[in-house]
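The first residue in the sequence is number 1, and the count goes up from there. Hydrogens, waters and symmetry mates play no part in the numbers below; they use all other heavy atoms, side chains included. No experiment lies behind these values; they were computed from the predicted model shown.
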Amino acid sequence: MTDDADRTVSVVVPYSPRYTPAEMLEEAKATVAAQTVPTELVVVDDVDTGPADARNAGLDRAETRYVAFLDADDLWEPDKLERQLERVAETGAGLCLAGDPMSRDEFVYEAFVGDLDEVTSAILVDTDRVGVRFEGSLRRGEDTLYVLEAATAAGVCFCPDLFTRRHHDRSMMASGMPVDEYLEQAKRFGYLVDQRVPAAHPYTDIYYVQLFTTVGRAYHREGEYDRAVAYFMRALRISPHPSTALALVRTLVARVMP
């Protein structure tokens with residue numbers, strides 16, 4: 001990559017005024033304009049389609065080899081794209097994200113059952129090597145599924161300190177979703193990872209233990225103790241994890257308390 005044409009990055013920003021104030025979008029766009037490499041901005045309305053379909057529409061509209069994604073309420077560091085392009089050139093990876101260096105298998109673990117989250121605004125992808133699409137049937141985890149598929153197809157590299165995540169009351173993350181819907185979406189996410197990412201198979205049991213424990217705790221908070229107990233038991237039948245057992249005991253005690 002030696003000239004501006006090679007270094008130009010299409011930047012896809014899904015936007016819905018329902019979730020992000022217009023002034024935050026303008027601030028995010030300003031950090032795109034401030035990049036040290038040329039960019040082509042693609043803002044996609046996700047009011048009716050959702051962010052996954054909006055990102056896919058952005059991929060379709062992008063005319064460059066390299067595409068990056070930015071959530072409308074996040075901010076990039078000025079050299080974010082330049083550092084990622086250099087890292088991709090050094091490693092030959094088809095995907096670059098935020099973080100410290102790790103192996104592909106370590107990344108699959110961290111993305112599937114570890115602490116790696118909020119990946120979207122870090123994504124830089126080489127579309128010559130990655131043909132993955134975002135899964136439109138998911139309302140949660142579609143970005144994680146995307147990077148898992150891309151990383152296992154074309155390799156992944158990392159750069160630290162790429163963006164700032166901004167939380168606010170109108171964000172999609174802040175809005176949450178009912179427990180039943182969360183469970184349905186999380187189960188579908190787990191199924192799709194199992195089907196599409198063979199490298200994640202060793203961690204499937206861990207994923208479902210975490211999921212059923214999380215759902216059990218959510219039902220406990222809502223006072224639905226019988227449902228909480230049922231999900232704790234499902235988790236324990238997969239693996240007898242101490243934190244799940246403790247959560248079960250607390251729910252059993254709460255259920256019999258006046």
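- Leu236 and Tyr225 fall into different hydrophobic clusters, where Ile, Leu, Val, Met, Phe, Trp and Tyr are joined by side-chain heavy atoms under 4.5 Å apart, directly or via other members.
- In the hydrophobic clustering of ILVMFWY residues, with side-chain heavy atoms under 4.5 Å counting as a link, Leu183 and Tyr191 come out together.
- Distance CG/Leu246 to OG1/Thr213: 11.0 Å, rounded to 0.5 Å.
- At least one donor-acceptor pair closer than 3.5 Å links the side chain of Trp76 to the backbone N or O of Ser121.
- From Lys80, atom NZ reaches atom CG of Leu162 across 6.0 Å, with rounding to the nearest 0.5 Å.
- The shortest heavy-atom contact between Ala151 and Val156 is CB-CB, 3.7 Å.
- In this structure, the separation between CZ on Phe212 and CZ on Phe232 is 12.5 Å, given to the nearest 0.5 Å.
- Heavy-atom minimum distance, Ala28 versus Ala72: CB-O, 3.5 Å.
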Q: Test Arg139 against Glu181 for salt bridge (charged side-chain N to carboxylate O under 4.0 Å, His left out), laying out the working first.
A: CA-CA 9 Å; Arg139 286 195 60 220; Glu181 184 179 353; 2.3 Å; yes
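- Sparse packing is recorded around CD of Glu63, with 12 or fewer heavy atoms of other residues, nucleotides or ligands lying under 6.0 Å away.
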Q) So Ser239 and Asp205, side-chain contact (heavy atoms from CB on, under 4.5 Å) or not? Walk me through it. A) CA-CA 8 Å; Ser239 178; Asp205 283 355; over 6 Å; no
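- Nearest heavy atoms, Leu95 versus Ala150: CD2-CB, 4.1 Å.
- Counting only heavy atoms from C-beta outward, the side chains of Val125 and Tyr66 never approach each other to under 4.5 Å.
- When hydrophobic clusters are built by joining Ile, Leu, Val, Met, Phe, Trp and Tyr residues whose side-chain heavy atoms come closer than 4.5 Å, directly or via intermediates, Leu248 is not grouped with Leu211.
- Identified under the salt bridge (charged side-chain N to carboxylate O under 4.0 Å, His left out) test for residues 51-61, with sequence neighbours left out: Arg55-Asp71, Arg55-Glu142, Asp60-Arg133.
- Between Tyr203 and Val113, the closest heavy-atom pair is O-CG1, 3.7 Å.
- A distance of 11.0 Å separates CG of Leu75 from CZ of Arg165, quoted to the nearest 0.5 Å.
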Q. Would Ser243 and Arg217 count as a side-chain contact (heavy atoms from CB on, under 4.5 Å) if you check the C-alpha gap in whole Å, the side-chain angles of each, and the deciding distance to 0.1 Å?
A. CA-CA 11 Å; Ser243 65; Arg217 287 175 174 149; 3.9 Å; yes
Q: Using the side-chain contact (heavy atoms from CB on, under 4.5 Å) rule, take Asp180 and Arg227 through it: C-alpha gap first, then chi angles, then the decisive distance, then the call.
A: CA-CA 11 Å; Asp180 289 350; Arg227 297 185 77 177; 3.1 Å; yes
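- Among residues at least two apart or in separate chains, salt bridge (charged side-chain N to carboxylate O under 4.0 Å, His left out) pairs with a member in residues 241-256 are Asp226-Arg255.
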Q: Give the intermediate values and the outcome of salt bridge (charged side-chain N to carboxylate O under 4.0 Å, His left out) for residues Glu26 and Lys29.
A: CA-CA 5 Å; Glu26 293 305 313; Lys29 289 165 61 176; 3.4 Å; yes
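- Judged by distance alone, the side chain of Gln84 and the main-chain N or O of Ala122 form a donor-acceptor pair under 3.5 Å.
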**Q.** Intermediate values then yes/no, side-chain contact (heavy atoms from CB on, under 4.5 Å), Tyr15 and Val44
**A.** CA-CA 6 Å; Tyr15 177 66; Val44 185; over 6 Å; no
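- Of the possible donor and acceptor atoms, none in the side chain of Thr20 sits under 3.5 Å from a partner among the backbone N and O of Pro17.
- Around atom CG of Asp105, more than 12 heavy atoms belonging to other residues, nucleotides or ligands sit under 6.0 Å away.
- Looking at heavy atoms from C-beta onward, Val147 lies in side-chain contact with Leu97 at the 4.5 angstrom threshold.
- Between the side chain of Thr39 and the backbone N or O of Leu41 there is no donor-acceptor pair closer than 3.5 Å.
- In summary, the aromatic rings of Phe134 and Phe69 are positioned with their centroids under 6.0 Å apart.
- Remark: the backbone N or O of Ser137 is paired with a side-chain donor or acceptor of Glu135 at under 3.5 angstrom.
- Nearest heavy-atom pair, Gln35 versus Leu81, reported as atom, atom and distance to 0.1 Å: OE1-N, 3.0 Å.
- Here CZ of Phe158 is found 9.0 Å from CD of Glu106. Values are rounded to the nearest 0.5 Å.
- Counting only heavy atoms from C-beta outward, the side chains of Pro38 and Val9 never approach each other to under 4.5 Å.
- Taken to the nearest 0.5 Å, the CE atom of Met177 stands 9.0 Å off from the OH atom of Tyr182.
- By the criterion of side-chain heavy atoms lying less than 4.5 angstrom apart, applied directly or through intervening Ile, Leu, Val, Met, Phe, Trp or Tyr residues, Val130 is grouped together with Leu192 in one hydrophobic cluster.
- Taking the side chain as every heavy atom from C-beta outward, Tyr231 and Tyr219 approach each other to under 4.5 Å.
- The pair Arg7-Glu82 counts as a salt bridge, with a side-chain nitrogen and a carboxylate oxygen less than 4.0 angstrom apart.
- Taking every heavy atom of both residues into account, Leu138 and Arg188 meet most closely at CD2-CG, 3.8 Å.
- Between Phe112 and Tyr207, the angle of the ring planes stays under 30°, which puts this pair in the parallel group of the 30/60° scheme.
- Put simply, the side chain of Glu110 gets close to the backbone of Asp115: a donor and an acceptor are under 3.5 Å apart.
- Inter-residue side-chain proximity for Leu70 and Thr31 is flagged as met; some heavy-atom pair is nearer than 4.5 Å.
- In this structure, the side chains of Val193 and Leu148 come closer than 4.5 Å at one or more pairs of heavy atoms.
- Val179 is listed as a side-chain neighbour of Val215, based on a closest heavy-atom distance under 4.5 Å.
- In terms of modelled atom types and a separation under 3.5 Å, the side chain of Arg140 and the main chain of Phe189 share no donor-acceptor contact.
- Without hydrogens or angle criteria, Thr127 side chain to Arg65 main chain gives a donor-acceptor distance under 3.5 Å.
- In this structure a side-chain-to-backbone donor-acceptor pair under 3.5 Å is missing from His241 to Val209.
- Considering only heavy atoms from C-beta on, Ile123 comes within 4.5 Å of Tyr146 through its side chain.
- Using modelled atom types, one side-chain atom of Thr64 and one backbone atom of Ser10 make a donor-acceptor pair closer than 3.5 Å.
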